[in-house]
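First up is the structure itself, then whatever we jot down about it.
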Amino acid sequence: MFFLMGIPGLEAPHLWISIPFCSMFIMALLGNCVLLYVIKTEPSLHKPMFYFLIILAVIDLVLSTTTMPKILSIFWFNSREISFNACLVQMFFLHSFSIMQSALLLAMAFDRYVAICNPLRYATILTNSVIAKIGLAALTRAVLLVIPLSLLLRRLPYCESHIISHCYCEHMAVVKLACANTRFNNIYGIIVALFIRALDLMFIFLSYVKILRAVLSLASKEEQIKAFSTCGSHLCAIFVVYTPVVLSSTIHRFGCHVTPHVHILLASFYLLFPPMMNPFVYGVKTKQICDWVLLLF
């Protein structure tokens, strides 16, 4: 049995901290469920870009529901206990769907690249079967990368403290509790967390370099603005997802004097902010979704 501390150093105001956490969680659930309902019920939205958006909404729902109920139970009821197996399951879903989220943003960059650089072949390149294969490949990659983390943690002995200095089962927070050599766990965790995201981000950047070249080659300003506007939602989603990751990683690596609760608040913010913002980003930026939501309410 492990015990989650919540946010070390901020135990007293846990109840107050739970208010913004719960509000963002409710907004994330409501926003993504409405987005799924709108896309499912509106035939004009049955297009490749919106199929990717469905997958993104499911990922956001899994990321938020995997951790937030337990975090809120710590804040409200001081329910800190979590079994070792439940901790591993939470960690598996958290890290695998985070990796899948990164892969999906790359797939959506490819979607925008095809839409702008090869518009006449868009329907023949991004067929339903291709989208299904991309989603399956993203899921397979995530699962294959995260399963070793769980297996490596399961083989470690935990003979000292069972108190996790975090509000959910984050990989490195659990590794620190092991009373054995964890060098391989540390190296593998860093490779998965940084190298995979950096690789995805590099390919996203290359896609937008090609998109920028194609847009600038267009004759009129109106055509350029229209082409750029089709990428607006995706660029906002990249900003929303990657900004908390970069901030958290930078502070974790170089912020030696930053208190632990700042690291944990940023890590928790990453699980709540993108799921809350993505439905609003696509709802506001995509006219079909915006019109349908206004009609719905």
Could you tell me whether a side-chain N or O of [X] sits under 3.5 Å from a main-chain N or O of [Y], the two making a donor and an acceptor?
X	Y	result
Lys70	Ser79	yes
Ser64	Leu61	yes
His162	Met1	yes
Glu170	Ala173	yes
His46	Ile39	yes
Asn185	Val175	no
Asn118	Val114	no

May I ask you to test the [X]-[Y] pair for a side-chain heavy-atom distance under 4.5 Å?
X	Y	answer
Ser268	Tyr168	yes
Leu36	Leu53	no
Leu88	Cys169	no
Leu272	Leu63	no
Phe280	Met27	yes
Thr66	Phe97	no
Phe110	Leu126	yes
Gln90	Thr67	yes

Say you draw a straight line from [atom1] of [X] to [atom2] of [Y]; how long is it, rounded to the nearest 0.5 Å?
X	Y	atom1	atom2	value
Met24	Met68	CE	CE	7.5 Å
Ile59	Ser98	CD1	OG	9.0 Å
Ser165	Ile264	OG	CD1	6.5 Å

Check this for me, if you would: do Lys47 and Asp111 make a salt bridge, where the nitrogen-to-carboxylate-oxygen distance has to be below 4.0 angstrom? no

Same apolar cluster (I L V M F W Y, side chains within < 4.5 Å links), [X]/[Y]:
X	Y	result
Met100	Met202	yes
Phe205	Leu104	no
Leu206	Ile196	yes

May I ask you to check whether Tyr158 and Phe2 place their ring centres under 6.0 Å from each other? yes

Using the six-membered ring wherever Trp is involved, compare the ring planes of His14 and Phe75 and label them parallel, tilted or perpendicular (cut-offs 30° and 60°). tilted

Do the side-chain N and O atoms of Arg80 and Asn78 include a donor-acceptor pair separated by under 3.5 angstrom? yes

My understanding is that only residues two or more places apart in sequence, or in another chain, count here; which of them pass disulfide bond (SG atoms under 2.5 Å apart) with Cys117?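 Counting only residues at least two positions away or on another chain, Cys117 forms no disulfide bond (SG atoms under 2.5 Å apart).
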
Kindly write out the residues that satisfy ring pair (Phe, Tyr, Trp, His ring centres under 6.0 Å) with Phe52, not counting sequence neighbours, or none if the list is empty.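 If we apply the ring pair (Phe, Tyr, Trp, His ring centres under 6.0 Å) test to Phe52, skipping adjacent residues, there are no hits.
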
Is atom OH of Tyr122 surrounded by more than 12 heavy atoms (other residues, nucleotides or ligands) closer than 6.0 Å? yes

Please list all pairs passing the salt bridge (charged side-chain N to carboxylate O under 4.0 Å, His left out) test where one or both residues lie in residues 113-125, with sequence neighbours left out. none

